[in-house]
There are 2 protein chains.
Amino acid sequence: MAPTESPGFYFNLATMRPIVIGFGLLILCMLVLFKIGEVNFVEGNVRLEVIVAIAAFIFFFIGLYFNYQSQRKISNQKDVANPSEIIDYEQIKKIGLTQREHDVLVKMADGLSNQEIAQQLFLSESTVKTHVSNILFKLDAKRRTQAIQSAKKLKILA
Amino acid sequence: MAPTESPGFYFNLATMRPIVIGFGLLILCMLVLFKIGEVNFVEGNVRLEVIVAIAAFIFFFIGLYFNYQSQRKISNQKDVANPSEIIDYEQIKKIGLTQREHDVLVKMADGLSNQEIAQQLFLSESTVKTHVSNILFKLDAKRRTQAIQSAKKLKILA
DNA sequence: ATGTATTTCCTACTTTAGGATGAGCCTAAA
DNA sequence: TTTAGGCTCATCCTAAAGTAGGAAATACAT
């Protein structure tokens with residue numbers, strides 16, 4: 001983040017699909033619930049505040065996640081104004097690492113297993129393995145530990 | 001877990017406190033408003049769906065904004081402190097790592113496999129495995145990557 | 001519009017890592 | 001001389017990592 005020029009939101013369908021679908025389903029479920037429970041609400045058996053509070057909570061976190069996804073994309077755009085930035089985004093492009101691969105690389109360096117990375121990035125373990133393999137190839141590493149070491153030397157990891 | 005340097009969800013008390021407080025206040029305000037306007041809702045003059053939908057959208061964007069704010073704070077914190085990369089031998093003793101274990105840890109951080117470490121230190125792979133297991137236990141890590149990450153934070157690795 | 005690159009996911013397979021346990025050897029301290 | 005800690009090595013087993021190859025949808029640029 002922190003690019004001085006406002007980058008705007010970057011959405012691509014592949015990564016946003018689950019979010020959009022989830023968002024839509026949530027609204028649908030909500031509407032269905034309302035239809036079903038309409039009488040109850042009119043009779044005042046269910047506290048309106050509770051419903052709204054729950055909805056607020058859910059959508060609050062959806063908003064968090066939504067923004068997180070877009071931030072992830074934005075962070076790819078290099079930050080010229082902030083020289084203290086440790087990561088060399090030019091180097092990343094030079095090596096040919098994609099955005100998603102770099103995401104995985106960061107998680108790898110945090111010491112996460114493929115499964116944990118999959119959970120945190122909302123991917124299958126298969127996908128993570130694919131990314132890891134590509135990372136190892138592009139960084140000319142035989143193991144993830146070696147890839148992390150190389151990446152830090154190349155300043156594509158903090 | 002809470003990898004502090006990685007992008008994504010970053011929750012610590014310091015950065016989240018204003019968010020939590022703000023969120024709580026908003027819900028409080030909402031509840032108060034409901035108390036005030038309770039009669040209208042019971043009478044069914046206002047569509048419940050509309051209210052909830054509006055609440056959902058509001059909180060959705062609040063979520064967006066809060067995440068945006070927290071992200072900004074993270075990127076500001078990044079340029080704090082990139083201290084010297086000196087090995088803290090006191091820390092090593094404190095944790096209980098032996099000399100040989102530290103040797104292996106260093107090789108691990110270089111991205112070597114157990115077999116390669118064995119060759120470089122003139123050991124059998126079995127011995128290296130034993131050392132690695134002890135290292136993982138003493139550093140409270142599940143994987144070697146995690147051990148490396150922890151070790152660097154504890155300054156027992158350059 | 002079309003071709004290239006990205007992202008996602010899969011199956012099947014091999015290799016490496018890691019856990020649990022035991023044991024022999026050496027050294028320094030009690 | 002026991003004892004304790006450290007170093008070495010082993011086996012057996014499970015879990016995780018990594019390879020190879022394919023496939024489908026999307027993204028992006030020309």
Side-chain angles (χ1 to χ4, degrees), chain A residues 8-22 69-70 72-77 92-150, chain B residues 92-93 95-150:
Chain A
F9 294 109
Y10 176 97
F11 297 142
N12 80 40
L13 248 176
T15 53
M16 296 304 282
R17 197 198 301 118
I19 302 170
V20 174
I21 290 174
Q69 287 293 336
S70 61
R72 194 174 60 68
K73 297 295 176 183
I74 293 166
S75 68
N76 186 32
Q77 299 171 10
I92 295 176
K93 286 181 184 173
K94 200 171 162 186
I95 293 166
L97 273 189
T98 67
Q99 172 62 43
R100 208 52 166 163
E101 283 160 4
H102 187 259
D103 291 345
V104 173
L105 178 58
V106 169
K107 297 292 183 186
M108 262 170 58
D110 283 336
L112 302 184
S113 69
N114 290 337
Q115 199 175 9
E116 287 169 341
I117 296 171
Q119 285 169 1
Q120 289 198 12
L121 297 182
F122 305 99
L123 297 174
S124 78
E125 196 187 336
S126 302
T127 306
V128 175
K129 279 188 173 188
T130 303
H131 287 316
V132 171
S133 275
N134 292 332
I135 292 167
L136 296 184
F137 176 75
K138 289 177 182 177
L139 288 177
D140 194 26
K142 289 175 185 168
R143 284 162 293 281
R144 52 171 54 206
T145 47
Q146 203 176 0
I148 293 166
Q149 164 77 353
S150 300
Chain B
I92 295 175
K93 286 181 186 172
I95 292 165
L97 274 190
T98 67
Q99 176 61 47
R100 207 54 166 162
E101 283 161 2
H102 188 259
D103 292 344
V104 173
L105 178 58
V106 170
K107 297 293 182 184
M108 264 170 56
D110 282 338
L112 302 183
S113 68
N114 289 337
Q115 199 174 10
E116 287 169 341
I117 295 171
Q119 285 168 2
Q120 289 198 13
L121 297 182
F122 304 101
L123 296 174
S124 78
E125 196 186 336
S126 302
T127 307
V128 175
K129 280 187 172 188
T130 304
H131 286 317
V132 170
S133 278
N134 292 333
I135 292 168
L136 295 184
F137 175 75
K138 289 177 181 175
L139 288 177
D140 194 26
K142 289 175 186 167
R143 284 163 292 282
R144 51 172 53 208
T145 48
Q146 203 177 2
I148 294 165
Q149 163 78 354
S150 300

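Lettering of chains follows the sequences in order, A, B, ..., and the numbering in each one begins at 1. The figures that follow rest on heavy atoms only: side chains count, while hydrogens, waters and symmetry mates do not.
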**Q.** Salt bridge flag under 4.0 Å for residues B:D110 and B:K107
**A.**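 No.
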In whole angstrom, give the distance that lies between atom [atom1] of [X] and atom [atom2] of [N].
{"X": "B:F137", "N": "D:dG5", "atom1": "CZ", "atom2": "P", "answer": "14 Å"}
{"X": "B:K129", "N": "D:dT14", "atom1": "NZ", "atom2": "P", "answer": "14 Å"}
{"X": "B:E125", "N": "D:dC9", "atom1": "CD", "atom2": "P", "answer": "12 Å"}
{"X": "A:L136", "N": "D:dA20", "atom1": "CG", "atom2": "P", "answer": "11 Å"}
{"X": "A:H131", "N": "C:dT6", "atom1": "NE2", "atom2": "C1'", "answer": "9 Å"}
{"X": "A:H102", "N": "C:dA5", "atom1": "NE2", "atom2": "P", "answer": "21 Å"}
{"X": "B:L97", "N": "D:dC7", "atom1": "CG", "atom2": "P", "answer": "10 Å"}
{"X": "B:E116", "N": "C:dT15", "atom1": "CD", "atom2": "P", "answer": "16 Å"}

Q: Quick one, give me the B/S/- string for nucleotides 22-30 of chain C, reading 5' to 3', where B means a protein heavy atom under 4.0 Å from the base and S means that only happens at the primed atoms, P, OP1 or OP2.
A: ---------
Q: Give a yes/no answer on whether the side chain of B:N114 brings an N or O atom under 4.0 Å of OP1 or OP2 in C:dA17.
A: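 The answer is yes; a side-chain N or O of B:N114 sits under 4.0 Å from OP1 or OP2.
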Q) Does B:S126 place a side-chain N or O at less than 4.0 Å from the phosphate oxygens OP1/OP2 of D:dA10? A)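 Answer yes for this pair, as a side-chain N or O of B:S126 is under 4.0 Å from OP1 or OP2.
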I want to verify a distance call: between [options], whose nearest atom is closest to the [X] side chain?
{"X": "B:R144", "options": "C:dA17, C:dC9, C:dT8", "result": "C:dA17"}
{"X": "A:T127", "options": "D:dA17, C:dC9, C:dA17", "result": "C:dC9"}
{"X": "B:S124", "options": "C:dT16, D:dG6, D:dA10", "result": "D:dA10"}
{"X": "B:L123", "options": "C:dT16, C:dG18, D:dT8", "result": "D:dT8"}
{"X": "A:R100", "options": "C:dT8, D:dA17, C:dC10", "result": "C:dT8"}

Q | Under 3.5 Å: donor-acceptor pair, side chain of B:K138, backbone of B:L97 | A |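 Side chain of B:K138 to backbone of B:L97: no pair is present.
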Q: Would you check if the side chain of B:Q146 reaches a backbone N or O of B:K142 as a donor-acceptor pair within less than 3.5 Å?
A: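 The answer is yes, because a donor-acceptor pair under 3.5 Å joins these two groups.
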(Q) Let me spell it out: for each of B:L121 and B:T145, pick the nucleotide of DNA chain D with the closest heavy atom. Which residue's pick is nearer the 5' end? (A)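 Closest to the 5' end, via its nearest nucleotide, is B:L121.
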Can you give me the closest heavy-atom contact between [X] and [Y], atom names plus distance?
{"X": "A:L121", "Y": "A:D103", "result": "CD1-CB, 4.2 Å"}
{"X": "A:R143", "Y": "A:L136", "result": "O-CD2, 3.4 Å"}
{"X": "B:L105", "Y": "B:I135", "result": "N-CD1, 3.8 Å"}
{"X": "B:A147", "Y": "B:M108", "result": "CB-CE, 4.2 Å"}

Q) With a non-hydrogen cut-off below 4.0 angstrom, is A:S133 in contact with a base, only sugar-phosphate, or nothing? A)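 Base contact - A:S133 has a heavy atom under 4.0 Å of at least one base atom.
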